[in-house]
Amino acid sequence: MQQPLFPALPHMGHGADYNPDQWLDRPDILEQDIELMKESHVNCVSLGIFAWAALEPQEGEYHFEWLEQMVNRLYQNGIYTLLATPSGAIPIWLARKYPEVRRVSREKVRDEPHGRHNHCYTSPVYREKVRLLNTALSQRLGKHPGVIAWHISNEYGGECYCPLCAAAFREWLKEKYGTIEKLNAAWWTSFWSRRYSSFEEVEPPYAQGENCVHGLKLDWKRFVTRQTEDFARHEKAAVRAGGSDLPVTINMMTAYDGLNYFKFKDVVDFTSWDAYPCWHGEQDDVSLAQYTAFIHDGIRSIKRGQPFVLMESTPSMTNWQRVSKLKRPGMHMLSSMQAVAHGADSVQYFQWRKGRGSFEKLHGAVVSHDCRSDTRVFKDVAAVGRRLSGLDAVCGSPVKAQAAVIFDTENRWAIDMAAGPRNCGKHYLETCMQHHRALWEMGVTTDVIDMECDLTGYKLVAAPMLYLLRGGIAEKLRRFVSEGGTLVGTYWSGVTDENDLCFLGDWPGDGLASVYGIRAEEIDALYDGECNHMESCGHALLRHERYKLTELCERIHPQGAQVLARYAEDFYAGEPALTVNRFGEGNAYYLAAKAGMKFYRDFYHALVEQAGVDGARLGELPSGVVVSKRRGDEADYLFVQNWNATPASFELPERLADLETGKPVHGELTLEPYGFRILCRKH
């Protein structure tokens with residue numbers, strides 16, 4: 001059933017990061033902001049994100065009056081608040097008085113008391129100051145009718161190598177391994193005589209320290225995620241101690257590899273993220289749209305099926321990209337609606353009003369320094385607000401996927417650390433995106449999950465480059481296929497266990513060789529510009545006879561699998577390049593080399609039909625036109641998007657209705673450059 005994220009606001013959200021603490025000396029500006037928000041159809045704002053210095057200008061001296069007045073005024077004008085905890089930027093008085101709260105770099109240098117994200121998540125002092133402030137903030141405003149959610153901190157990330165973190169790391173290792181002997185075995189420390197005699201000898205991977213023991217580096221990254229996740233729990237507990245039970249989120253960042261975001265799924269009540277694609281740049285808009293869709297799907301999948309919030313996006317441009325390109329006409333509407341199409345129930349911007357000074361004074365905002373509402377950007381934002389206000393039918397509708405791509409952060413860490421087989425680029429992220437793109441182009445709703453996720457409910461799962469096996473994934477995949485699922489695996493899979501120790505015996509390890517019905521022997525790395533090809537064995541699955549292969553080519557031997565295509569060149573010409581194995585009630589495909597989009601499009605087109613995967617299905621679409629689906633209680637809502645700078649037309653295979661006008665739509669449908677329509681298909 002459809003359930004809006006915020007019962008007090010059962011409509012699509014529309015708003016921005018709002019920083020009134022920067023304008024407390026300008027009541028006329030604050031008054032103007034309210035009127036401009038109403039004019040642009042803003043109904044919620046994220047408030048107080050970097051306001052610690054204004055909320056606690058001196059230690060223990062809280063100034064909440066201005067914030068409460070702001071929440072009151074917003075609420076009186078129909079605008080709700082996502083109230084932030086201000087821990088993302090600590091005040092200078094705190095950084096100077098308590099040096100331990102400041103991070104230490106990999107070079108063992110402590111940060112100066114300036115900047116942002118310079119705080120240590122382990123520091124007892126920092127934790128206590130955050131607890132006191134969050135609790136007081138919750139007591140003061142946590143039950144205000146105008147506050148609908150908590151926005152905890154801002155873009156958690158970064159590492160600290162201070163003595164407190166090093167000691168906490170050792171304690172975490174003791175808890176994980178129990179004995180130093182087990183740690184030595186898991187990390188293979190006999191290599192280069194790196195064996196530890198006690199946990200006290202273990203140090204973080206400092207810049208000039210140990211960086212060749214991959215178990216150490218992998219566990220350090222896991223510890224950083226654990227420590228950050230624990231701190232997020234600490235912040236949430238302080239909010240709860242203050243008496244507020246409102247939902248909590250943290251704003252995540254694109255395909256950020258510093259944290260394993262799936263570890264936060266039990267901390268947050270809903271997910272949100274900050275999207276800043278550089279449209280019209282060096283990457284074509286269609287490819288960038290698919291990358292953004294991939295992240296939307298990944299953030300949504302953390303709380304599977306539940307709507308999320310686009311917490312930050314720019315209404316015009318960003319000031320920190322290499323080139324600050326303006327959005328072309330239509331792109332702001334399209335990119336905002338793309339988020340909604342993939343499950344967002346609110347579109348937010350950074351920022352509402354441009355500041356007059358400092359680093360982000362030129363960053364895009366709804367209101368610029370001219371304070372006008374007749375600008376192109378303001379009109380674009382108002383247009384998005386108007387359209388969102390008419391999408392109550394979509395609000396709260398889930399996004400249900402029958403297909404999934406496994407993109408696992410810890411696997412990404414391990415692949416990037418590995419010395420070989422291709423140190424000039426193994427391209428794990430890009431490879432996962434290729435599999436996702438083929439499905440995205442067909443309008444197949446696809447989750448992007450990690451190895452710990454439940455596979456129940458999926459019909460098709462792609463598991464590219466599953467180098468490191470963790471989270472019981474081998475058994476999950478075995479059960480998934482045996483019960484009738486379709487699995488797609490690739491080269492460089494099942495090489496190591498969760499500690500990055502290579503499996504002994506047949507590879508892919510942990511029993512996956514029997515699932516795929518193959519045995520891998522070795523893998524060949526190709527230089528940039530070098531290629532091989534695979535040739536079809538005549539199977540109906542492949543539309544073309546020949547496909548280009550690049551980067552990595554694995555030599556495999558069938559052990560029960562049927563060969564669908566073979567290598568065309570090099571000393572392994574004639575050997576299998578693509579196989580399928582019947583395992584239980586399902587099928588497991590194994591692609592032994594990196595292919596291109598020509599192959600993935602053909603391959604997944606056939607697999608989707610074969611596996612019975614539901615999709616938006618609007619017939620053959622022009623290049624750059626895609627369809628995404630949300631499923632309401634009474635209808636499917638099809639978001640038809642044209643990511644081209646030119647118009648696009650195609651023939652609809654069925655009679656539908658335009659959700660916004662209620663009028664029937666049939667025959668030829670034409671979309672303007674960067675245009676979109678929302679079509680309604682009754683169940």
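Throughout, numbering of the chain's residues begins at 1 and tracks the sequence.
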Rounded to the nearest 0.5 Å, how far does CG of Asp17 lie from OG of Ser313? 9.5 Å
Value rounded to 0.5 Å, distance of CG in Asp274 from CE in Met253: 8.0 Å
Would you name the heavy atoms of Cys432 and Val405 that are closest together and state the gap between them? O-CG1, 3.9 Å
What's the separation between atom CE in Met252 and atom OH in Tyr261, rounded to the nearest 0.5 Å? 6.5 Å
Are His342 and Phe308, when compared by the centres of their aromatic rings, separated by less than 6.0 Å? no
Would the distance check show the side chain of Lys221 and the main-chain N or O of Asp257 forming a donor-acceptor pair, the cut-off being under 3.5 Å? no
Value rounded to 0.5 Å, distance of OH in Tyr18 from CD1 in Ile79: 9.0 Å
Give the minimum heavy-atom separation between Pro4 and Cys395, together with the two atoms involved. CB-SG, 4.1 Å
Quick test of your reading: applying salt bridge (charged side-chain N to carboxylate O under 4.0 Å, His left out), list the pairs with at least one residue in residues 341-350, sequence neighbours left out, ordered by first then second residue. Asp345-Arg630
Strictly under 6.0 Å, is that where the ring centroids of Tyr604 and Tyr589 end up? no
What one should report as the nearest heavy-atom pair of Leu618 and Leu679 is CD1-CD1, 4.5 Å
Do the side-chain N and O atoms of His11 and Asp392 include a donor-acceptor pair separated by under 3.5 angstrom? yes
Suppose we call two aromatic rings close when their centres sit under 6.0 Å apart. Are Trp172 and Trp220 close by that rule? no
Would you find a donor on one side and an acceptor on the other, under 3.5 Å apart, between the side chain of Gln2 and the backbone of Ala393? yes
Establish, for the pair Arg103 and Tyr121, whether the NZ or CZ atom is under 6.0 angstrom from the six-membered ring centre and no further than 45 degrees off its axis. yes
Got a donor-acceptor contact below 3.5 angstrom from the Asn642 side chain to the Val625 backbone? no
Is it true that the side chains of Tyr491 and Glu551 contain a donor and an acceptor less than 3.5 Å apart? no
side-chain contact (heavy atoms from CB on, under 4.5 Å) evaluation trace for Leu246 with His144: CA-CA 10 Å; Leu246 292 172; His144 192 290; over 6 Å; no
Just to verify, which of His117, Glu229, Glu235 counts as forming a side chain to side chain donor-acceptor pair (under 3.5 Å) with Tyr156? Glu235
If I compare all heavy atoms of Phe676 with all of Gln641, which pair ends up nearest, and what's the gap? CB-CA, 4.1 Å
Spacing of CG belonging to Leu82 relative to OG belonging to Ser272, to within rounding of 0.5 Å: 8.5 Å
Among residues at least two apart in sequence or on other chains, which ones pass salt bridge (charged side-chain N to carboxylate O under 4.0 Å, His left out) with Asp447? Arg300, Arg304
So, does His435 use its side chain to make a donor-acceptor pair with the main chain of Pro464 at under 3.5 Å? no
Side-chain donor-acceptor pair under 3.5 Å between Ser46 and Gln348, yes or no? no
Checking Thr85 side chain against Ser153 main chain: does a donor-acceptor pair fall under 3.5 Å? yes
His436 versus Asp297, closest heavy-atom pair with distance: NE2-OD2, 2.8 Å
Can you tell me if Ser324 uses its side chain to pair, donor with acceptor, with the backbone of Thr318 under 3.5 Å? yes
Residue pair Asp380, Lys327: steps toward the salt bridge (charged side-chain N to carboxylate O under 4.0 Å, His left out) verdict: CA-CA 10 Å; Asp380 280 353; Lys327 286 182 176 177; over 6 Å; no
For the pair Asp269 (side chain) and Ala149 (backbone), establish whether a donor and an acceptor sit closer than 3.5 Å, ignoring hydrogens and angles. no
In short, salt bridge (charged side-chain N to carboxylate O under 4.0 Å, His left out) pairs touching residues 450-473 with sequence neighbours left out are Lys263-Glu452, Asp408-Arg470, Glu410-Arg470, Asp450-Arg470, Glu452-Arg470
Ring centroid separation for His119 and Phe231, is it under 6.0 angstrom? no
What I want to find out is whether Lys217 reaches Asp500 closely enough, with some N-O distance under 4.0 Å, to be called a salt bridge. no
Any donor-acceptor pair under 3.5 Å linking the side chain of Thr271 with the backbone of Ile299? yes
Keeping the roles fixed (side chain from Gln290, backbone from Met433), state whether a donor-acceptor pair exists under 3.5 Å. yes
Is the distance between the ring centroids of Tyr276 and Trp320 less than 6.0 Å? yes
When you measure from the side chain of Ser397 to the backbone N and O of Gly632, does any donor-acceptor pair fall under 3.5 Å? no
Validation row: Val130, Trp52 side chains within 4.5 angstrom (heavy atoms): yes
Looking at every heavy atom in both Pro7 and Leu5, which two are closest together, and how far apart are they? CD-O, 3.6 Å
Between Arg437 and Ser287, do the side chains contain a donor N or O and an acceptor N or O under 3.5 Å apart? yes
Side chains of Ser628 and Gln338, donor plus acceptor under 3.5 Å: no
